[in-house]
Colleague: 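If you scroll down you'll find the structure; I have some questions about it.
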There are 2 protein chains.
Amino acid sequence: MPLLLLKDLPRYECLLEAAREFPDLDPSAAEALLHLLRTSDEAYAVSSRNMGDHGISPGRFMVLMLLWHGDQIKAAAPAGTVTCACSPHTPAELADNCGVTRATMTGLIDTLERDGFVKREPDPVDRRMMSVRLTAKAEEFLHGFLPGHFRIHSAIMSALSEAERKVLVRLLAKVQQQCAALRSDPAAAT
Amino acid sequence: MPLLLLKDLPRYECLLEAAREFPDLDPSAAEALLHLLRTSDEAYAVSSRNMGDHGISPGRFMVLMLLWHGDQIKAAAPAGTVTCACSPHTPAELADNCGVTRATMTGLIDTLERDGFVKREPDPVDRRMMSVRLTAKAEEFLHGFLPGHFRIHSAIMSALSEAERKVLVRLLAKVQQQCAALRSDPAAAT
DNA sequence: AGCTGATAGTTAGGAAGCTAACTATTATTG
DNA sequence: CAATAATAGTTAGCTTCCTAACTATCAGCT
C-alpha cells in the first residue's frame, strides 16, 4: 500500500503488490513521487529548523527576503532612476510573489511588524494601499543569518556532485512543467 | 538574490551574482535545492487539490490510509494470527507514523470522527489509550477515491521515463541520507 | 456629478501545524 | 503499599494557511 509521506517509505515490492489490486497505480511513478515529496520534506525540515533556531519562520523569512531584494535593487540603481515599480512592497504584491492570499499576508506582516522587522506606511498615491518597509533591525538580522542559511543549503546539496545537480535540475524541470500543465487542465489526468 | 519558493525561481545568473556578496552561497546548490522544493510544492499542490475536490485533506487522507493499511494486513493474515501489534491504531502510533505531534493528531481524528470516517474506542487493555477504527463510510470513500488518486500520481510522473525515474530516485536518496545526517548533527553544516 | 464596478487590506471563522500544560492512568521504586 | 515517575490523549494558545465577507478607496461609465 502506498502511503504518502510516512516515516518509512514503502519498498518498491510493496508498490508492485498494491498495483495488483489497483490497476491505476503505477509502481515506479508512485515510488518516484513519494521520494520527491519525502526528500523535499526532509530538506525543508533541515532548513526551517535552522530558521526556527534563529526565531524566524520560512514564511516570514520569505517576506523579509522579498523586501530586502527590493532594497538591494534600489541601492544598486543609478541615482534618479525610478525602480520602485518592479520591487514588491504592498501586501498584495508580497502575497502574489509568495504564492499566498492577501489575507495570509496580513497575518505575516502583522507578526513581522509586531517583532519590529517591518513598518507599514500608507501609500501616498493610492489610499487603499499600504507600503511595507524593512527596519534596520531586519537588515541586521538578515546579515547575521544569511551566511549560515546558505551554508545549510550547501551542506544539504553536498550529497550531489555538480553534474548530478544538473541532472536533478533537468529532471525536476520536466516534472514541474507537467504539474503546470495539470494545474491548467486537470482533466488530462483522467 | 536567492528567494525561496517564489513564483519565479531566480535564474542561475542571479545566483552567481549573489554569490559575490555571500561567499557562503553555492549557486548550483541553491539552484538545485530551490528546484527540489519548488517542484515538490507543485506536485503536492496538484495532488492535494484533487483531494480537496473530494473533500479530504492530505493529512486526513494519510490517517485514513494508515488505518486502512492496518485493516488490509488484518484481512490478509491467516486466521488466528495476531497482527494488531504492528499496525497503528492508537493516536500516538498514528501521530508517530505521520510525523506529527499527538496534539495535532487529536485534531485530525476529531474532524475525521465528526465526518463519520473513524470511530474512537477505549483500549480494553490500557485505560490511557484510545483505539481508532475506520468506518464503512471511510472504506467506501477510499475505494471510490484511490483509483483517481493514483492516476494523478501517474500523470505527474509521466513527464519522466522509467530510466529517468530511477535516476531521480537514486539522486533523491542521496539527498535524503544527507538530510538525515544533518538532522542528527546540525553542527556538520558549519 | 453620481452611480456602479473593481480593488486593497483586513476581519471572522475554520483547519492544521506547533509547544506547554493538564488530567487520568500505568509503571517503577523503596 | 505508597509515593514518584512515565505515559496517553486532550486542551489552550499561537502561527500560518485558506475562504468569504467587509469597509474604504479608486476607476470607469453615463
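All values reported here derive from a predicted model rather than from experimental measurement. Side chains included, hydrogens not; waters and symmetry mates left out as well; all remaining heavy atoms used. Letters A, B, ... mirror the listed sequences (proteins, then strands); counts begin at 1.
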Colleague: Checking the side chain of B:Ser48 only, and the main-chain atoms of B:Met51 only, is there a donor and an acceptor separated by less than 3.5 Å?
Modeller: no
Colleague: Search all heavy atoms of B:Ala95 against all heavy atoms of B:Thr101 and return the closest pair with its distance.
Modeller: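 Scanning both residues completely, I find the closest heavy atoms to be CB-O, 3.7 Å.
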Colleague: Look at the aromatic rings of B:His149 and B:Phe61 and report parallel, tilted or perpendicular, splitting at 30° and 60°.
Modeller: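 B:His149 vs B:Phe61 ring planes: tilted.
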Colleague: Salt bridge or not for B:Arg165 and B:Glu162, using N-O below 4.0 Å?
Modeller: yes
Colleague: Whole Å only: how far is the CZ atom of A:Arg128 from the C1' atom of D:dA24?
Modeller: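 That distance rounds to 9 Å.
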Colleague: I need the CE-P distance between A:Met51 and D:dT15, as an integer number of Å.
Modeller: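 Rounded to the whole Å, the gap is 18 Å.
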Colleague: From OH of B:Tyr44 over to C1' of C:dG17, roughly how many Å is that when rounded to an integer?
Modeller: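 Result: 11 Å.
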Colleague: Among residues at least two apart in sequence or on other chains, which ones pass side-chain contact (heavy atoms from CB on, under 4.5 Å) with B:Val169?
Modeller: A:Glu31, A:Ala32, A:His35
Colleague: Just jot down the side-chain contact (heavy atoms from CB on, under 4.5 Å) partners of B:Asp53, sequence neighbours excluded, or say none.
Modeller: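 Checked B:Asp53 against side-chain contact (heavy atoms from CB on, under 4.5 Å); matches are B:Arg49.
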Colleague: Please give, in whole Å, the distance from D:dT7 P to B:Asp96 CG?
Modeller: 13 Å
Colleague: Quick check on contacts: within residues 104-127 of chain A, what sits under 4.0 Å from DNA chain C by heavy-atom distance?
Modeller: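 The stretch gives A:Thr106, A:Arg120 as the residues lying under 4.0 Å from the strand, ordered by number.
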Colleague: To the nearest angstrom, how far is B:His89 atom NE2 from D:dG9 atom C1'?
Modeller: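 Rounded to the whole Å, the gap is 14 Å.
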Colleague: Kindly say whether A:Thr90 contributes a backbone atom to a donor-acceptor pair with the side chain of A:Glu93 at under 3.5 angstrom?
Modeller: yes
Colleague: With salt bridge (Lys or Arg N to Asp or Glu O under 4.0 Å) as the rule and sequence neighbours excluded, what pairs involving residues 97-113 of chain B come up?
Modeller: B:Asp110-B:Arg120, B:Glu113-B:Arg120
Colleague: Under 3.5 Å, which protein N or O atoms sit close to an N or O of nucleotides 20-22 of chain D? Give each pair with its distance.
Modeller:
none

Colleague: Please report, rounded to the nearest Å, how far the P atom of C:dT10 is from the CE atom of A:Met130.
Modeller: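 Those two atoms, CE and P, are 6 Å apart.
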Colleague: Rounded to whole Å, please give me the gap between CZ in A:Arg49 and P in C:dT19.
Modeller: 12 Å
Colleague: Can you tell me the distance, in whole Å, between the CG atom of A:Leu64 and the P atom of D:dT16?
Modeller: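 Answer to the nearest Å: 11 Å.
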Colleague: Partners of B:Phe117 by ring pair (Phe, Tyr, Trp, His ring centres under 6.0 Å), sequence neighbours excluded?
Modeller: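 Residues passing ring pair (Phe, Tyr, Trp, His ring centres under 6.0 Å) with B:Phe117: B:Phe141.
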Colleague: For D:dC17, does OP1 or OP2 lie under 4.0 Å from any side-chain N or O of A:Thr101?
Modeller: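 It does not, given that no N or O in the side chain of A:Thr101 lies less than 4.0 Å from OP1 or OP2 of D:dC17.
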